[in-house]
Amino acid sequence: MSHAGNELVCSDCLISPPAFAHSYIPWRYQYPVDGMISRYKYNRQHKFARPLIAGFTSYVESVFRDQNHIKPHLLIPSPMLSSRRRERGFNQARDIAEQLGAALDIPVSAGIVRRVRKVQAQRGLSREARLKNLHGVFEVCAKVPERIAIVDDVVTTGATARVLASALRDAGATEIQVWALARTPG
């Protein structure tokens with residue numbers, strides 16, 4: 001599996017810089033990665049996530065080793081409403097964060113941020129609509145370390161990452177990274 005370059009900046013980030021400084025996302029959400037993530041996320045087939053998480057771990061290790069980036073103090077999985085977690089059976093972002101944290105010796109905290117309300121499904125919404133939909137959806141519940149990484153499975157428009165990073169920055173984080181298995185093409 002190939003990895004994207006680390007120094008690329010999207011046009012949206014150039015026009016409107018997000019609260020996060022770096023994103024580490026090794027794959028595009030396209031065949032075969034999209035099917036692997038979907039089977040993991042919606043059908044609880046964890047075997048499809050194992051090679052992606054192993055590859056992601058190697059990718060992040062090389063970024064910190066070869067580019068002298070500093071590891072975050074804490075991994076924060078993208079929060080999920082408890083009703084959605086019960087429906088799905090697990091929070092895939094938390095599962096990914098826990099596996100990465102164990103492999104990279106970085107603590108994980110799923111309790112620092114919580115979703116405070118249900119929103120319209122993000123699927124099919126434009127970036128602007130997603131940002132509006134997510135306004136005020138996250139609440140920071142505990143002290144936040146300076147260096148953190150938000151962990152999720154897929155970054156589509158970046159709206160969730162932007163809103164979550166802004167909430168964490170407002171709570172005291174100064175260096176925020178986004179870690180995800182894949183991003184949508186484009």
Side-chain angles (χ1 to χ4, degrees), residues 18-20 23-27 29 33-57 60 72-104 106-125 127 129-145 148-171 173 176-184:
F20 55 89
S23 61
Y24 300 113
I25 307 170
W27 296 287
Y29 190 70
V33 172
D34 58 346
M36 295 169 75
I37 291 173
S38 290
R39 285 180 167 183
Y40 163 60
K41 183 174 179 174
Y42 299 114
N43 299 326
R44 294 186 222 164
Q45 295 179 356
H46 294 266
K47 66 184 177 184
F48 288 99
R50 287 186 197 116
L52 295 173
I53 295 170
F56 187 81
T57 300
V60 171
H73 293 127
L74 187 67
L75 301 181
I76 300 174
S78 184
M80 178 183 282
L81 280 174
S82 56
S83 59
R84 174 66 57 88
R85 189 175 51 251
R86 281 191 304 274
E87 175 185 303
R88 191 170 288 163
F90 74 113
N91 176 346
Q92 72 280 357
R94 183 175 183 170
D95 187 52
I96 295 164
E98 288 173 350
Q99 291 183 58
L100 290 169
L104 300 168
I106 301 172
V108 176
S109 177
I112 283 186
V113 182
R114 68 182 184 103
R115 280 187 179 253
V116 294
R117 63 180 174 82
K118 189 173 184 173
V119 297
Q120 175 185 349
Q122 295 283 87
R123 184 174 265 174
L125 296 179
R127 183 171 167 271
R130 285 175 182 237
L131 286 167
K132 185 176 180 181
N133 191 37
L134 291 170
H135 181 74
V137 78
F138 297 114
E139 177 182 71
V140 179
C141 309
K143 186 171 172 25
V144 178
I148 60 168
I150 297 165
V151 179
D152 212 343
D153 58 338
V154 178
V155 172
T156 305
T157 64
T160 301
R162 282 177 174 268
V163 172
L164 186 50
S166 291
L168 289 162
R169 181 190 58 204
D170 292 347
I176 303 168
Q177 302 170 6
V178 173
W179 293 12
L181 297 177
R183 63 177 173 81
T184 54

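In this text the structure is predicted, and so the values were computed from the model without any measurement.
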field: Beyond-backbone contact of Met36 with Pro51, side-chain heavy atoms, under 4.5 angstrom
entry: yes
- prompt: What distance separates Phe56 CZ from Leu104 CG, expressed to the nearest 0.5 Å?
  reply: 8.5 Å
query: With no hydrogens and no angle check, do the side chains of Asp153 and Tyr40 hold a donor and an acceptor under 3.5 Å apart?
result: no
Within-4.5 Å side-chain heavy-atom neighbours: Ile53 and Ile96: yes
- request: Report the residue from Val155, Asp34, Thr156, Leu181 that forms a side-chain contact (heavy atoms from CB on, under 4.5 Å) with Tyr29.
  value: Asp34
- prompt: Out of curiosity, Thr57 OG1 to Gln99 CD, how far, rounded to the nearest 0.5 Å?
  reply: 8.0 Å
task: List the atom of Pro72, the atom of Ile106, and the distance in Å for their closest heavy-atom pair.
output: O-CG2, 3.6 Å
message: Using side chain to side chain contact (heavy atoms under 4.5 Å, CB included), reason through Ile112 and Leu74 one step at a time and then give a plain yes or no.
response: CA-CA 10 Å; Ile112 283 186; Leu74 187 67; 3.2 Å; yes
- prompt: Which is it for Arg88 and Met80 under the side chain to side chain contact (heavy atoms under 4.5 Å, CB included) test, yes or no, and what are the steps along the way?
  reply: CA-CA 10 Å; Arg88 191 170 288 163; Met80 178 183 282; 3.2 Å; yes
query: Taking side chain as C-beta onward, heavy atoms only, is Ile150 less than 4.5 Å from Phe20?
result: no
- prompt: Quick one: CH2 on Trp179 to CD1 on Ile76, what's the gap to the nearest 0.5 Å?
  reply: 12.0 Å
- line: The reported gap from CZ in Arg183 to OH in Tyr24 (rounded to nearest 0.5 angstrom) is 15.0 Å
- request: Write down the atom of His73, the atom of Pro145, and the distance for their closest heavy-atom approach.
  value: CB-CB, 3.9 Å
- prompt: Is the backbone of Val178 close enough, under 3.5 Å, to the side chain of Asp152 for a donor and an acceptor to pair up by distance?
  reply: no
message: Are Arg115 and Arg84 packed together at the side-chain level, in the sense that at least one heavy-atom pair is separated by less than 4.5 angstrom?
response: no
task: Given side chain to side chain contact (heavy atoms under 4.5 Å, CB included), test Leu168 with Val140 step by step and report yes or no.
output: CA-CA 7 Å; Leu168 289 162; Val140 179; 4.2 Å; yes
- request: Could you pull out the closest heavy-atom pair between Cys141 and Gly111, with the gap in Å?
  value: CB-O, 3.8 Å
query: Between CG of Leu75 and CD of Gln177, what distance do you get to the nearest 0.5 Å?
result: 9.0 Å
Heavy-atom closest pair, residues Ser78 and Asn91: O-ND2, 3.2 Å
field: Minimal non-hydrogen separation, Ala97 against Val108, with atom names
entry: O-CG2, 3.3 Å
